[in-house]
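Residue numbers start from 1 in every chain, and the chains themselves are labelled A, B, ... in the order their sequence lines are given, proteins ahead of strands. What you see is a predicted model; the values in this text were computed from it and never measured.
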Amino acid sequence: MPRANEELEELLSEWAELLAVSGADAFRVRAYEKAARAIGGEAEDVRAFDDRAILAIPSVGKSMLARVREYLDTGTVQELEDLREAIPGGMRELLRIPGLGPKKAMLVHRELGVASIADLQTAIAGQKLRGVKGLGAKTEENLARNVANLRATGDRILLDAAMTTAEAVIASITEAVDVEAISFAGSLRRMRETIGDLDVLVASEDAGPVMEAFCAMPRVAEVIAHGTTKSSIRTRKGFQVDLRVVPADSWGAALIYFTGSKEHNIALRHRAIERGLKLSEWGLFEAESGSSIAARTEEEVYAALDLPWFPPTMRENTGEIEAAGAGTLPEPVTVEDLRGDLHSHTDMTDGVAPLERMVEAAAARGYEYYVITDHAEDLAMTGASREQMLDQRKKIARLQKKYPAMRLLHGSELNIGKDGGVDYDPEFLAGYDLLVASVHSLFRLSREETTARLIAAMENPNVHVVGHPMARLIGRREPIDCDFDAVCGAAVRTGTALEVNCFPDRLDLRDDLVRRAVERGVTLAIDTDSHAPRDLENVRYGVATAQRGWARAADVLNARPVEDVLAHVAAKRARA
DNA sequence: GCCGTTTTCGGCCCGACTGTTTTCAGTCG
C-alpha cells in the first residue's frame with residue numbers, strides 16, 4: 001500500500017486552488033496549502049496515525065483531521081467533491097501558468113469564457129485579452145510566453161512524481177505476484193529531470209499474472225495495451241506506464257536496453273560489432289554463431305564488452321564509454337558519501353516542521369552534521385529577525401546535547417540583492433557556522449548584471465555556498481543568465497561552493513553545469529534545501545544530478561568530515 | 001483554517017515588482 005501522504009497533499013492542494021479561484025479568504029486558502037505541505041512532508045505514512053498523531057502535524061487542526069479521516073476511511077471527501085462540481089475542470093491547470101493567479105484566471109473565465117489552457121491560447125491568439133479591463137497587451141505577451149514555456153516541458157513530469165508512481169507500481173506488482181526481478185528503467189532510472197513515460201521491467205517466466213496484476217492496479221485509469229510481454233496503462237493522474245516482462249536469463253541485457261539512453265545503447269552496439277558480437281535486449285551474442293556470451297546481469301554484459309558497469313545516471317554517451325575504455329571515468333559521488341546537509345529550513349521561516357523534527361529526521365539518516373539555514377531578514381515575507389535567529393541558535397545548542405553523534409550547525413540562507421549584497425552586517429554574520437546565499441528575486445537582469453551580482457556575493461567572506469545558483473524552476477522559470485565560466489572562476493578564487501539543489505523542481509546546478517563546474521575545479525555542495533522532514537529524501541535526486549555531471553565525492557563539500565567543512569568556512573573568512 | 005510565553009479571538013501576509021493604471025490590483029517569493 002503506497003503512502004497516503006502524497007494523495008492527501010495532492011487533494012488538499014487541489015482544494016486550496018479551488019478555494020482560491022472561488023474567491024475564498026486568502027488565509028483560509030493558505031491554511032489548506034500549509035496543511036498539504038505539512039502532510040506531504042511528514043516522513044511517516046499518516047495511514048498508520050491515530051487522531052492524536054495527525055493533530056501533531058503542524059498546520060493540521062480539527063477541521064483538517066476530519067477531512068484526513070474521511071479520506072482515509074472512504075477514499076474521498078464529500079465537501080471537495082461538491083467544490084469540484086462547482087468549478088470548471090480546466091481552471092486549475094490555468095493556475096500553473098506563471099503570472100496567472102486566481103484573480104486573473106477568474107477574470108478571463110468570466111469575461112471570455114476561458115476554462116482551460118487551450119481556451120487561453122485561443123484567446124491570446126485572437127488578442128482577446130487586451131480587450132479585458134485590467135489586462136493589456138503586455139500581460140497578453142507575458143502569458144503567451146509563459147504558456148509556451150509550460151508547453152515546452154509538455155506532458156513530461158518531474159522526477160519525484162515519476163518516482164512516486166514507479167515505486168507504487170512496483171509495490172502493487174510485487175504484492176500481487178512473485179517475480180524474479182523488477183526495476184523501473186528508462187529516463188527515470190537515468191534520473192533525468194523530467195520523465196515522459198514510465199518504464200517498468202520485470203523478470204519472470206510467467207508473464208500472464210504479472211500483466212494481470214499490472215492492469216488491475218487501482219491507480220489505472222485506462223489500459224492502453226495488454227499483451228503477453230508488454231502492457232501499457234495510463235494512471236488516474238495521466239502518466240503512461242509501460243510494463244515489459246522478460247525471461248530472467250535476459251534480465252541484464254534487457255535492463256541495459258530499456259534503461260538507455262538510446263545514444264548510450266548505440267555506442268554499446270558499435271562496440272559489440274567491433275568485437276564480432278551482437279547486442280540486443282535479449283543478450284550479447286557471437287555475431288556469426290549466435291551463441292550467447294552474456295545477458296543475465298548488467299555487469300556481465302558490460303564486462304563482456306570490456307567495460308565497467310555504469311551508473312544509469314552516466315549512460316548518456318557524453319564520453320563515458322571512451323573514458324571507461326581509457327580508465328579515466330570518474331567514480332561518481334553517491335548518497336552514502338554524503339556526511340551532512342548544508343541547507344535546510346524550519347517552521348521559523350518557510351519550513352513546515354519545527355527544528356526538533358528536522359534534526360530528528362537528519363539524525364535518522366545517520367548524518368555526521370546538519371546545518372539549519374532559515375531565511376534571513378531581507379526576505380520580507382518569511383525571513384527571520386536577528387532576535388529570532390539568536391533564539392534559534394540557543395535552541396540548537398540545547399538540542400545538540402540530545403545528538404552526540406551529529407554536529408548541529410547554525411547557518412542562514414541569505415538573500416542576494418541586486419548588486420550582490422546580502423542580509424545583516426559582517427559582525428552579525430560572523431556568528432554563524434556556515435552561510436548559504438541565494439537569488440530570490442530579479443531573475444531577468446542582464447547577463448553582465450547577473451554575473452557581477454553572483455561574483456560580488458561570492459566575494460563576501462560570509463558567503464560559503466551559493467544556493468540554487470541559476471534560480472531556475474523546471475517548467476516554470478528560466479535560469480538566470482550569466483557568464484557561467486566567470487562564475488566558476490570566482491567560485492574557485494574565493495573558495496565558495498556552488499550548490500546542487502536537490503529539490504525536484506530545481507536540480508540546480510543542472511547536470512551540464514555541474515560538469516563544467518567540476519572541470520573547472522569548483523567545490524560543490526549537494527543540499528536538500530529541506531522544508532519538511534520528507535524533503536531530506538530528495539538527496540538522491542541531487543546526487544543523481546551530480547553524477548550526471550560526473551562529480552566525485554572529492555568535489556563535494558558535504559562529503560567531507562565536519563572539521564573540513566568548518567575549515568573551508570574559516571579559510572574563506574581568513575582571506576578577508 | 002490554524003494557532004496560542006499576546007491562548008479561544010484576532011492575527012496570520014510583507015514588500016518588490018509588473019502592468020495597468022492616474023492611485024492600485026495582482027502575482028510572486
Side-chain angles (χ1 to χ4, degrees), chain A residues 11-13 15-39 54-68 77 79-80 83 94-111 129-146 345 347-354 374-385 387-388 391 394-395 413-419 423 438-445 467-468 471-473 476-478 480 501 503 505-506 529 531:
Chain A
L11 180 138
L12 291 173
S13 299
W15 205 328
E17 288 176 358
L18 293 178
L19 283 171
V21 291
S22 65
D25 171 51
F27 293 113
R28 192 160 163 243
V29 174
R30 195 166 152 71
Y32 280 77
E33 286 169 356
K34 281 178 76 176
R37 285 179 62 206
I39 292 170
I54 292 173
L55 281 172
I57 300 171
S59 307
V60 176
K62 277 188 181 162
S63 250
M64 292 295 173
L65 169 65
R67 288 168 175 148
V68 169
V77 185
E79 211 181 320
L80 174 61
L83 201 53
L94 282 178
L95 299 182
R96 286 169 48 216
I97 303 166
L100 191 70
K103 295 282 163 49
K104 278 185 198 160
M106 270 325 265
L107 183 66
V108 294
H109 176 58
R110 213 169 45 236
E111 298 295 321
L129 263 59
R130 57 188 67 188
V132 176
K133 187 172 164 58
L135 306 177
K138 196 80 186 213
T139 302
E140 197 169 80
E141 285 163 24
N142 286 339
L143 288 178
R145 193 181 60 244
N146 293 340
H345 299 268
D347 62 359
M348 186 175 85
T349 57
D350 61 351
V352 293
D374 268 311
H375 288 290
E377 63 184 3
D378 284 0
L379 269 199
M381 172 184 167
T382 185
S385 68
E387 292 69 30
Q388 284 179 298
D391 185 52
K394 284 182 196 153
K395 281 171 76 180
E413 182 182 9
L414 307 173
N415 182 53
I416 300 177
K418 186 177 184 208
D419 298 318
D423 315 53
S438 318
V439 167
H440 297 105
S441 60
L442 299 168
F443 305 108
R444 298 182 70 188
L445 299 180
H468 43 78
R472 70 156 177 175
L473 292 174
R476 288 188 291 144
R477 187 167 70 218
E478 293 295 304
I480 54 178
N501 188 289
F503 244 87
D505 64 349
R506 289 194 183 273
D529 191 2
H531 287 67

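For A:Thr139, the side-chain atoms get nearest to B:dT20 when compared with the rest of B:dC13, B:dG1, B:dT20. The side chain of A:Lys104 sits closest to B:dT27 out of B:dT27, B:dG29, B:dC2. Taking the side chain of A:Phe27 as heavy atoms from C-beta on, and the options B:dC13, B:dG19, B:dG29, the nearest nucleotide is B:dC13. Here the nucleotide nearest the side chain of A:Pro102, chosen from B:dT27, B:dG29, B:dC17, is B:dT27.
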Test log, rule salt bridge (Lys or Arg N to Asp or Glu O under 4.0 Å), inputs A:Arg67 and A:Glu79: CA-CA 9 Å; A:Arg67 288 168 175 148; A:Glu79 211 181 320; 2.8 Å; yes
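Listed for the A:Asp505 side chain is no donor-acceptor partner under 3.5 Å among the backbone atoms of A:Leu473.
If you take atom P in B:dA16 and the same atom in B:dG10, they sit 30 Å apart, rounded to whole Å. One C1' atom belongs to B:dT21, the other to B:dG29, and the distance between them is 24 Å to the nearest Å. B:dG26 and B:dT20 have their P atoms separated by 14 Å, given to the nearest Å. Remark: the separation of the P atoms in B:dC12 and B:dT7 is 15 Å, to the nearest Å. Straight-line distance between the C1' atoms of B:dT5 and B:dG1: roughly 23 Å, to the nearest whole Å. Straight-line distance between the P atoms of B:dT6 and B:dG11: roughly 15 Å, to the nearest whole Å. Straight-line distance between the C1' atoms of B:dC13 and B:dT27: roughly 13 Å, to the nearest whole Å.
Partner A:Asn415 forms a side-chain hydrogen bond (donor to acceptor under 3.5 Å, both in side chains) with one of A:Glu377, A:His375, A:His440 and no other, that one being A:His440.
Using a 4.0 Å cut-off, no side-chain N or O of A:Arg28 falls inside it from OP1 or OP2 of B:dC12. In this structure, A:Asn142 reaches the B:dG19 phosphate: one of its side-chain N or O atoms is under 4.0 Å from OP1 or OP2. Close to B:dT20, at under 4.0 Å from its OP1 or OP2, lies no side-chain N or O of A:Arg130.
Within the nucleic acid shown, A:Ala26 comes within 4.0 Å of at least one base atom, counting heavy atoms only. Residue A:Ser441 is out of contact with every strand shown, counting any heavy-atom pair closer than 4.0 Å. Using a 4.0 Å heavy-atom criterion, one finds that A:Val29 contacts no nucleic acid atom at all. Counting non-hydrogen atoms under 4.0 angstrom, A:Ala137 reaches the backbone sugars and phosphates but no base.
Mapping A:Leu100 and A:Lys133 onto DNA chain B by nearest heavy atom places A:Lys133 closer to the 5' end of the strand.
Remark: C1' of B:dC13 and NZ of A:Lys103 are 13 Å apart, rounded to the nearest angstrom. Distance, A:Arg444 CZ to B:dG29 P: 13 Å, rounded to whole Å. Whole-Å rounding puts the A:Asp419 CG to B:dA16 P distance at 15 Å. Summarising the geometry, the separation between CG on A:Leu129 and P on B:dT18 is reported as 20 Å, rounded to the nearest angstrom. The distance from atom CG of A:Leu107 to atom P of B:dT21 is 11 Å, rounded to the nearest whole Å. As a whole-Å value, the separation of A:Glu141 CD from B:dT18 P is 15 Å. Taking atom CZ of residue A:Arg30 and atom P of nucleotide B:dC28, one finds them 14 Å apart after rounding to whole Å. Rounded to a whole Å, the CZ atom of A:Arg477 is 9 Å from the C1' atom of B:dC28.
Searching all strands for a Watson-Crick or G-U wobble partner of B:dT8 with both distances below 3.5 Å returns nothing.
Closest of all the heavy-atom pairs between A:Leu135 and A:Thr139 is CD2-CG2, 4.1 Å.
Looking at A:Val352 and A:His531, their side chains never come closer than 4.5 Å, going by heavy atoms from C-beta outward. Contact of the A:Leu100 side chain with the A:Leu95 side chain is not registered, since no non-hydrogen atoms from C-beta on lie closer than 4.5 Å.
Side chains of A:His345 and A:Asp529: a donor on one and an acceptor on the other come within 3.5 Å.
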